[in-house]
Structures are given as C-alpha cells and as structure tokens.
Amino acid sequence: MDVLFFPITKTLSNVEIVRNENITKNQNKLAALGVTQKKAITSNPVKKKFNAKKVSVQPFRRSARLLGKPPTKYAFDNPPSGANKENEAALPSIKNLFENKEEDIEVFKSIEYKRNLIKSRPCSKLDIFNNFETNEDLIDKVAPSKIYCITFLHSKENVLASGDLDGYITLCSIESALNNVVIYKPHSKPVTSLKSDIFDSSKLLSAGYDGILNLCDIKCLKFTEIYNCETIFDFEFIDSKLIVLTTNGDITIFDRHNKLDVSTKTISRWPVKSVARHPSSSCIVTASTEGLVQLWDLRKMDEEISSFKHKKVVHGLSFSNTGKYLLSSSRDNTISCFKHSNVDLTNYDVIHHDNNTNRWVATFKPVFHPFFENVFFIGHNSLPRGVDVYNVAGEHAFIGGASSLLSRLCVNPSGTVIAGGNSSGKVTAWLKR
C-alpha cells in the first residue's frame with residue numbers, strides 16, 4: 001500500500017496575516033496610551049499580611065464534663081412512677097410546704113392585696129427586671145425529657161411543677177438552688193398542660209396526649225383521674241367547671257363535682273390546641289392550628305363573640321392579671337396584643353418576634369407578669385440565651401444568663417422568681433435581688 005506525504009507549507013493564509021496585523025496595531029495603541037507600562041507595574045501587587053488576633057471563644061453551654069462534674073445530680077435511667085424509696089428523701093420536704101393550709105390562704109390574700117394595689121399602675125420602665133440573676137445552682141436537669149409545660153404552685157414556697165415528653169411530672173422547690181426533686185409518671189404520653197388550683201395550693205391538675213385529666217393532691221401525692229377521652233391538647237377551669245380541648249376541634253365543658261353535667265361542641269374543623277380564660281368574666285379564648293383566635297362566652301356557646309385570624313398556627317394564649325390585655329403568639333413571627341377594657345379582638349397591636357422553633361424544641365408561649373398588667377415574658381430564639389421581656393407598647397428588655405434555649409416560661413405568684421424549661425429537661429431560674 002502506497003502512502004502519500006503532503007509537504008507542509010510555512011506560508012500564512014490571508015486570514016492569519018490580517019489577524020497578526022490587528023494584534024500588532026492594538027499593542028501599539030496600548031503602548032501609546034501607557035497601558036502596557038501600568039500593567040507591568042501592577043502585575044505583581046504587594047500582598048499585605050494581616051496578623052489576626054486570636055480570641056479565645058468560650059462555649060455558651062456550660063459543659064459539666066469539662067468542669068469535671070457529673071451531668072446531673074438526679075438519675076433518670078429508671079425514673080420513679082410513685083411514692084417509692086427513690087422519692088422518699090424528697091417527699092417530706094415537699095409535703096411540709098402544704099401542711100399548714102391556713103398560712104397559704106393568708107399568703108394568697110396578701111398576694112391578691114398587692115395585686116389589687118398595683119394593677120392600676122402598669123410598669124413604666126423595664127429596667128427593673130435587670131435585678132433578676134441566676135447562677136449554676138439555679139440551672140439543673142430535673143425532668144427526664146423535653147419539658148412541654150411548666151408552672152408554679154400557688155403556695156408560700158416557690159414550688160415548681162413541670163411536665164415532659166414521656167409523661168413524667170416533676171416537682172421541685174426553688175430557694176437558693178433547685179432542691180427536693182420528686183418525679184412521678186401519671187401519664188403514658190406527653191403532658192400537654194399543668195394548672196395549679198388558685199384556691200387550694202395543694203391541688204395540681206395535669207392533662208396529656210393520652211386523654212387523661214388528673215387531679216394531684218400534693219399533701220399525699222396521689223393522682224386521681226377526673227376525665228378521660230381520646231386526646232387532650234389543653235384545658236382551663238373556671239370555679240368548678242373545666243374546659244377541655246379534645247381532638248377534631250371539639251371543646252368539652254363539664255363540672256368536676258357533677259359528672260353528668262357535660263356538654264361538647266365542635267368549634268373548628270381544625271385541631272384547637274390553646275385556651276385561656278378571662279380572670280374576671282365567663283369569657284374564654286381558643287386558638288386553632290388554622291391560626292384562628294376565637295372569643296366565646298361560656299353561658300352561650302352557640303356563636304363566637306369575636307375572632308381574629310393569624311397567617312399561621314397559634315401556639316400560645318395569655319390574659320393579663322386584670323383581663324385588659326390578651327396575647328396570641330403565632331408561627332408567623334408575630335405576637336398580637338389585643339387591648340380593650342372589655343374583651344374584644346378588633347383593637348390590637350402587632351409585636352414582631354422570632355417564634356420559629358424546630359421539631360426538637362417546644363414552641364414559644366407568652367406569659368404575663370402576675371402584678372404588672374402590661375409586661376409579659378417569652379423565649380429568646382437567638383444568642384445569647386435568655387428571656388425576652390416586652391410591654392404591650394412593644395418596648396423590649398432582655399434577661400440573660402441561661403445556658404440553653406428556654407421555650408416554656410412561668411413566673412411565681414409573688415413575681416420574684418422566673419423559671420424556664422428547655423428540650424432536654426433542664427430548668428433555669430432567676431431570683432430577684
């Protein structure tokens with residue numbers, strides 16, 4: 001097979017000749033303008049070296065392991081479910097707080113007297129809350145799992161009750177530290193709501209996703225079932241009447257002294273998960289996952305009095321101590337403050353607040369101060385950790401010192417202790433100096 005070789009010519013084509021001429025002309029123009037010389041000067045710029053200062057960043061969470069301490073002084077491998085040996089050490093101190101009921105009544109009357117004096121004088125400056133402080137003794141894990149609800153009992157001592165994800169209820173006293181921790185498991189599913197009886201400080205009501213509403217007598221630490229249904233999201237009570245929110249948007253009203261006096265009404269096609277009662281009237285407010293806030297009169301539940309619609313689900317409702325203000329916190333990052341001497345949902349202001357929490361953190365619920373009718377507390381969703389303090393005008397203050405995100409808060413009846421629970425069962429308390 002013959003192979004043909006073609007000679008390679010070194011002559012340029014007409015296109016290449018024109019291209020080379022254009023390149024030469026452009027280089028001459030750039031040289032005439034001085035661009036080539038400036039390019040040679042700036043082609044190798046001098047790089048400045050910045051000596052960054054090394055700053056030691058301290059962790060926001062206090063690690064017990066790094067401090068050489070045990071993670072908690074309470075063991076939760078097998079939490080107690082009743083009055084057994086593990087609880088016997090703390091039982092006497094908890095029971096002694098409720099032995100003298102007459103003293104509790106006198107203290108309650110004094111608290112009511114102070115409340116009546118101060119309710120007509122709202123808090124004008126939020127700087128007074130800078131007097132609250134916490135320390136390591138007031139931060140401890142007292143519940144086995146995520147805290148869903150937390151409240152103070154109406155007693156002369158600061159007794160804190162909390163309910164968690166696994167159905168446990170924890171009682172502890174707050175003095176200079178968290179003491180006398182007692183754990184019980186009256187529920188098989190998460191505890192959704194805890195309420196203390198105002199007129200009997202030794203009574204505590206609890207409800208859970210297991211559909212059981214219990215009444216706890218702390219003097220003997222005995223739980224009695226007073227209502228049972230499929231699921232309970234929240235409840236409230238006015239005198240002897242109990243208002244229970246169940247599945248499918250139903251609200252059940254019954255008298256705990258007369259079990260035959262029961263009425264059920266469907267108020268929404270969406271689940272209704274929050275309820276709050278007016279402190280001096282027969283009105284209640286409910287909120288659904290649809291974002292609808294509705295005002296009702298218990299004497300005639302045929303039709304709502306007024307309503308308000310949030311863009312997203314409503315997580316919390318709270319009345320002030322006088323009933324003049326109502327708060328509703330929603331996932332649309334707003335807190336609606338309804339203002340009226342008589343309850344109404346048409347006159348309101350909006351306070352913007354970051355209410356978005358992930359699936360591992362409980363939702364934010366606002367809590368009013370027991371004395372000041374225009375001050376409320378809510379969880380702080382960014383660093384540093386602590387509690388946000390607002391008044392109804394939107395003015396803001398911050399109480400710091402927490403080691404984690406506190407989603408559920410409460411204030412004792414005398415207004416001297418603020419406590420919050422997080423999603424690992426840890427409680428942080430602030431005492432007034």
Side-chain angles (χ1 to χ4, degrees), residues 108 111-112 115-116 119 149-154 161 192-201 203-207 213 215 226-227 232-246 249-257 261-265 267-268 272-288 292-308 314-329 335-345 348 365-371 373 376 392 408-411 413:
F108 176 76
I111 291 174
E112 286 296 326
R115 183 178 299 175
N116 292 331
K119 68 180 181 180
C149 50
I150 187 170
T151 186
F152 275 101
L153 274 64
H154 292 269
T192 57
S193 184
L194 286 173
K195 298 288 191 317
S196 174
D197 195 336
I198 298 177
F199 301 103
D200 189 354
S201 60
K203 298 294 190 300
L204 177 69
L205 289 92
S206 65
L213 181 61
L215 176 62
I226 59 176
Y227 186 73
I232 299 178
F233 293 126
D234 197 3
F235 73 93
E236 269 289 359
F237 59 89
I238 298 178
D239 297 331
S240 63
K241 287 189 176 181
L242 281 165
I243 302 101
V244 179
L245 302 182
T246 58
D250 295 339
I251 180 170
T252 301
I253 304 171
F254 68 95
D255 193 333
R256 57 179 171 177
H257 300 310
D261 185 9
V262 180
S263 61
T264 302
K265 178 179 175 58
I267 60 175
S268 175
V272 182
K273 292 191 173 183
S274 298
V275 61
R277 67 179 181 90
H278 193 276
S280 59
S281 69
S282 59
C283 293
I284 62 170
V285 177
T286 60
S288 65
L292 184 64
V293 180
Q294 296 172 289
L295 175 65
W296 305 88
D297 191 342
L298 288 178
R299 295 170 296 183
K300 44 182 180 179
M301 292 289 294
D302 299 332
E303 186 178 358
E304 64 185 25
I305 301 175
S306 181
S307 64
F308 175 80
V314 177
H315 292 307
L317 297 170
S318 180
F319 270 109
S320 63
N321 58 346
T322 58
K324 184 177 180 180
Y325 300 105
L326 168 68
L327 296 175
S328 64
S329 62
I335 302 173
S336 296
C337 179
F338 303 93
K339 305 177 182 180
H340 207 279
S341 56
N342 297 320
V343 180
D344 192 6
L345 300 182
Y348 65 93
K365 292 186 177 182
V367 178
F368 267 104
H369 193 276
F371 288 161
E373 63 178 2
F376 65 92
V392 294
R408 299 298 166 88
L409 304 171
C410 63
V411 188

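Closest approach of Ser281 to Ile238, counting heavy atoms only: O-CD1, 4.3 Å. Here the shortest heavy-atom pairing between Phe233 and Val272 reads CD1-O, 3.5 Å. Closest of all the heavy-atom pairs between Leu295 and Cys283 is CD1-CB, 4.0 Å. The minimum heavy-atom distance linking Asp197 with Phe237 is given by the pair CA-CZ, 4.0 Å. Here the closest non-hydrogen pair linking Lys265 and Trp296 is CE-CZ3, 4.2 Å. Of all heavy-atom pairs spanning Cys410 and Val367, the tightest one is CA-CG1, 4.4 Å.
Atom OG1 of Thr286 is separated from atom CG of Leu292 by 7.5 Å, given to the nearest 0.5 angstrom. Note that CD1 of Ile232 is 5.0 Å distant from CG of Leu213, once rounded to the nearest 0.5 Å. Annotation: the span from Ser268 atom OG to Leu245 atom CG amounts to 11.0 Å, rounded to 0.5 Å. Between Ile305 atom CD1 and Glu303 atom CD the span is 9.5 Å, to the nearest 0.5 Å. Taking OG of Ser240 as the start and CZ of Phe254 as the end, the distance is 10.0 Å to the nearest 0.5 Å. Atom CG of Leu204 and atom NE2 of His154 lie 10.5 Å apart (nearest 0.5 Å).
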Criterion side chain to side chain contact (heavy atoms under 4.5 Å, CB included) on Ile251 and Met301, from CA distance to verdict:
CA-CA 10 Å; Ile251 180 170; Met301 292 289 294; 4.2 Å; yes
Go through Ile226 and Leu205 one step at a time and tell me if the side chain to side chain contact (heavy atoms under 4.5 Å, CB included) criterion holds.
CA-CA 10 Å; Ile226 59 176; Leu205 289 92; 4.0 Å; yes
Start with the C-alpha gap between Phe376 and Leu327, add the side-chain angles, then the distance that decides, and say whether side chain to side chain contact (heavy atoms under 4.5 Å, CB included) holds.
CA-CA 9 Å; Phe376 65 92; Leu327 296 175; 3.2 Å; yes
Should Phe308 and Ser336 be marked as a side chain to side chain contact (heavy atoms under 4.5 Å, CB included) after you check the CA-CA gap, both sets of side-chain angles, and the distance that decides it?
CA-CA 10 Å; Phe308 175 80; Ser336 296; 3.6 Å; yes
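With salt bridges taken as basic N to acidic carboxylate O contacts below 4.0 Å, none links Lys300 and Asp302.
In this structure the side chain of Asn321 never reaches within 4.5 angstrom of the side chain of Pro370, judged on heavy atoms. Between Pro413 and Phe152 the shortest side-chain heavy-atom distance falls below 4.5 Å. Between Val392 and Lys339, some side-chain heavy-atom pair lies under the 4.5 Å cut-off.
No donor-acceptor distance shorter than 3.5 angstrom exists from the side chain of Ser329 to the backbone of Lys365, with no hydrogens or angles considered. A donor-acceptor pair under 3.5 Å is absent between the side-chain atoms of Thr264 and the main chain of Asp250, judged by distance alone.
A parallel orientation is assigned to the rings of Phe368 and Tyr325, their planes being inclined by less than 30° (bins at 30° and 60°).
Residues passing the salt bridge (charged side-chain N to carboxylate O under 4.0 Å, His left out) test with Asp255: none are found, sequence neighbours excluded. Scored by the side chain to side chain donor-acceptor pair (under 3.5 Å) test, Thr151 finds no partners at all (sequence neighbours excluded). Among residues two or more places apart in sequence or in another chain, the salt bridge (charged side-chain N to carboxylate O under 4.0 Å, His left out) test is passed with Asp234 by Lys195.
At most 12 non-hydrogen atoms from other residues, nucleotides or ligands lie less than 6.0 angstrom from OH of Tyr348.
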